[in-house]
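Comments concern the structure below.
Given the structure is predicted, the values throughout are model-derived calculations rather than measurements. So you know, we letter chains A, B, ... as the sequences are listed, proteins then strands, and number each from 1.
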Protein chains: 2
Amino acid sequence: MKSDIDNTVTGRITRELADRIIAGHIAPGTKLRQDHFAEEFGASHVPVREAFRRLEAQGLVVSEPRRGVRVASFDIAEVREVAEMRASLEVLALRHAAPHLTSAILDEAEAINRAGENAPDVRAWEEANRAFHRLILTPCSMPRLLATIDDLHAASARFLFSGFRMEWEAPTDQDHRAILKALRERQFDVAAATLARHVKWIGTKPGTKTRSRTLS
Amino acid sequence: MKSDIDNTVTGRITRELADRIIAGHIAPGTKLRQDHFAEEFGASHVPVREAFRRLEAQGLVVSEPRRGVRVASFDIAEVREVAEMRASLEVLALRHAAPHLTSAILDEAEAINRAGENAPDVRAWEEANRAFHRLILTPCSMPRLLATIDDLHAASARFLFSGFRMEWEAPTDQDHRAILKALRERQFDVAAATLARHVKWIGTKPGTKTRSRTLS
DNA sequence: GGATTCAAAATTATAGATAAAAAAGGAATC
DNA sequence: GATTCCTTTTTTATCTATAATTTTGAATCC
């Protein structure tokens with residue numbers, strides 16, 4: 001099954017590096033030296049290289065042959081690109097998932113949404129946000145689509161963490177509520193349109209707005 | 001740039017294996033043994049393993065930890081899924097590319113389309129088809145989107161080659177012509193709708209239809 | 001100061017060896 | 001005869017050591 005955690009050394013290194021890059025602990029453009037991480041993780045360079053390949057596929061690092069890999073940089077154009085891709089694909093997923101959404105699932109989504117609104121920091125809010133989207137999209141039963149959306153979520157999260165360092169208040173997720181309301185009333189077109197607008201909005205707002213003090 | 005050919009051993013093995021899988025020379029479900037390919041390519045097992053990771057990311061092979069990698073199988077549901085993803089993403093790309101399409105580009109697309117209609121076999125037709133789509137979508141200037149679409153094209157091609165083995169006639173690409181016509185008249189909504197229908201049709205027709213009759 | 005040359009470092013790749021897990025095969029048992 | 005259990009073999013996953021190629025940085029020279 002896919003849910004089995006990859007317990008190989010390659011898998012652990014991949015997850016750890018992905019977390020660090022998404023959280024912004026490694027700055028974009030930083031060169032990643034295989035021997036350095038091999039030593040840090042007590043492994044050899046081979047699993048480190050394999051982890052690099054996986055991260056490359058997720059778009060978290062870029063690889064130049066014979067010049068190594070560096071953390072992928074993202075400018076505003078890339079952030080918008082990811083947001084538009086997410087909007088398209090999440091709408092597709094929702095269209096297929098909607099007929100299979102039970103009210104139990106929608107109740108759970110509402111609970112997750114409330115948890116997100118009470119989140120103490122960006123990290124917790126992002127986790128709740130991702131859980132919300134994943135929950136209402138999973139019933140589409142399209143594994144490749146869901147995997148691609150997950151990768152795009154990771155790219156979005158990088159941007160979120162990089163722009164929102166400072167004081168942060170959990171927004172009341174009005175869009176999430178509107179989506180759930182539309183889904184309960186089985187107005188799938190309304191739900192899809194709201195979702196598309198919501199995802200694109202996430203992609204554009206923080207970057208143009210907040211840029212003041214940097215607290216960790 | 002991305003256009004630099006990856007001349008490392010890993011890159012060559014990746015391309016060669018991807019070609020074979022797409023062309024159907026290796027059956028779905030086949031176990032890929034690293035030592036076998038290491039010997040065949042005169043390389044060691046390390047670059048073979050790295051190639052496996054890249055193919056895994058493209059969805060051409062699936063990997064189970066400690067059990068190796070197998071050529072990804074694809075059933076009709078997966079083919080439909082890929083077609084729907086392509087439709088969504090190509091429409092998005094076209095929306096962004098359309099304003100930048102010059103009549104020179106559209107002329108070139110028309111030439112490629114004619115070449116595709118005269119193609120002697122599926123392989124040549126598929127190449128022309130891919131070139132057509134890529135040509136009219138590239139001006140969107142969204143590299144991640146284009147890369148994702150390329151991966152989906154590869155998945156589509158696998159299906160095409162597996163279902164269309166025998167006698168085959170080049171279809172007159174009515175849809176391609178309609179798309180070009182709409183683009184020339186700057187009716188972008190019409191072009192996008194036609195493209196979406198076209199891509200979904202490619203995904204569904206050969207599997208459900210050409211099982212009984214082998215074309216006349 | 002700028003260009004050339006040389007040395008150090010990093011990536012890429014090879015080879016052989018080891019550990020661990022899965023698959024295969026065969027013997028003992030019911 | 002079929003099943004279970006154990007052994008053998010195969011394959012994956014990993015490490016260590018090392019070579020070759022390339023990049024990079026520094027020192028030198030004009």
Side-chain angles (χ1 to χ4, degrees), chain A residues 1-21 25-73, chain B residues 1-21 25-73:
Chain A
M1 280 293 177
K2 200 84 178 262
S3 56
D4 291 338
I5 318 164
D6 184 356
N7 252 342
T8 62
V9 175
T10 298
R12 279 198 303 276
I13 296 177
T14 305
R15 281 194 301 274
E16 176 64 26
L17 288 183
D19 274 352
R20 288 190 201 176
I21 294 172
H25 294 151
I26 316 180
T30 308
K31 263 203 288 199
L32 301 180
R33 283 182 287 269
Q34 55 184 23
D35 288 340
H36 174 265
F37 289 110
E39 193 181 5
E40 178 184 339
F41 292 111
S44 80
H45 65 103
V46 179
V48 175
R49 293 182 60 78
E50 289 188 61
F52 283 173
R53 297 297 177 214
R54 286 193 172 160
L55 296 170
E56 185 185 7
Q58 290 179 339
L60 294 178
V61 307
V62 290
S63 157
E64 296 161 276
R66 307 215 168 256
R67 300 183 80 184
V69 305
R70 48 185 61 225
V71 176
S73 62
Chain B
M1 277 293 184
K2 200 85 179 257
S3 57
D4 292 337
I5 319 164
D6 185 356
N7 249 345
T8 61
V9 176
T10 298
R12 280 199 303 275
I13 296 177
T14 306
R15 282 193 300 276
E16 176 65 26
L17 288 184
D19 275 352
R20 288 190 201 174
I21 294 172
H25 294 151
I26 316 180
T30 308
K31 267 200 288 199
L32 300 180
R33 283 181 288 268
Q34 54 185 21
D35 288 342
H36 174 264
F37 290 110
E39 192 179 7
E40 177 185 340
F41 292 113
S44 75
H45 54 257
V46 179
V48 174
R49 293 183 59 79
E50 289 190 60
F52 283 172
R53 297 298 178 211
R54 285 191 172 162
L55 297 170
E56 185 185 6
Q58 290 179 342
L60 293 177
V61 306
V62 290
S63 158
E64 293 162 275
R66 307 233 160 238
R67 300 185 78 183
V69 304
R70 302 193 327 271
V71 175
S73 62

For [X], report the nucleic acid contact type (base, sugar-phosphate, nothing); a contact means any heavy atom under 4.0 Å.
| X | value |
| --- | --- |
| Val46(B) | base |
| Leu32(B) | sugar-phosphate |
| Gly42(A) | sugar-phosphate |

In whole angstrom, give the distance that lies between atom [atom1] of [X] and atom [atom2] of [N].
| X | N | atom1 | atom2 | value |
| --- | --- | --- | --- | --- |
| Gln34(B) | dG16(C) | CD | P | 16 Å |
| Lys31(A) | dA10(C) | NZ | C1' | 8 Å |
| Glu50(B) | dT12(D) | CD | P | 16 Å |
| Ile13(B) | dT12(C) | CD1 | P | 14 Å |
| Arg67(B) | dA24(C) | CZ | C1' | 14 Å |
| Arg49(B) | dA13(C) | CZ | P | 15 Å |
| Arg70(B) | dT11(D) | CZ | P | 16 Å |
| Glu64(A) | dT12(C) | CD | P | 10 Å |

Would you say Phe41(B) and Glu16(B) make side-chain contact, with heavy atoms under 4.5 Å?
-> yes

Does the pair Arg53(A)/Glu56(B) count as a salt bridge with the N-to-O cut at 4.0 Å?
-> no

Check the surroundings of atom CD in Glu64(A): do more than 12 heavy atoms from other residues, nucleotides or ligands lie under 6.0 Å from it?
-> yes

Counting side-chain heavy atoms from C-beta on, which of dT11(C), dT14(D), dA13(C) comes nearest to Val9(A)?
-> dT14(D)

Considering only dT11(C), dC15(D), dA21(C), which nucleotide approaches the side chain of Arg66(B) most closely?
-> dA21(C)

Ala43(A) vs Phe52(B), nearer the 5' end of DNA chain D by closest nucleotide = Phe52(B)

5'-most contact on DNA chain D: Asp35(B) or Pro47(A), nearest heavy atom basis?
-> Asp35(B)

Among Val71(B), Leu60(B), Val61(B), which residue meets the side chain to side chain contact (heavy atoms under 4.5 Å, CB included) test with Ile26(B)?
-> Val71(B)

So, is Thr8(B) close to the dT11(C) phosphate, meaning a side-chain N or O under 4.0 Å from OP1 or OP2?
-> no

For Thr10(B) and dA13(C), is the shortest distance between a side-chain N/O and OP1 or OP2 below 4.0 Å?
-> yes

Hey, does the side chain of Arg70(B) reach the backbone of Val62(B) with a donor-acceptor pair shorter than 3.5 angstrom?
-> no

Any donor-acceptor N/O pair under 3.5 Å between dT14(D) base and His45(A) side chain | no

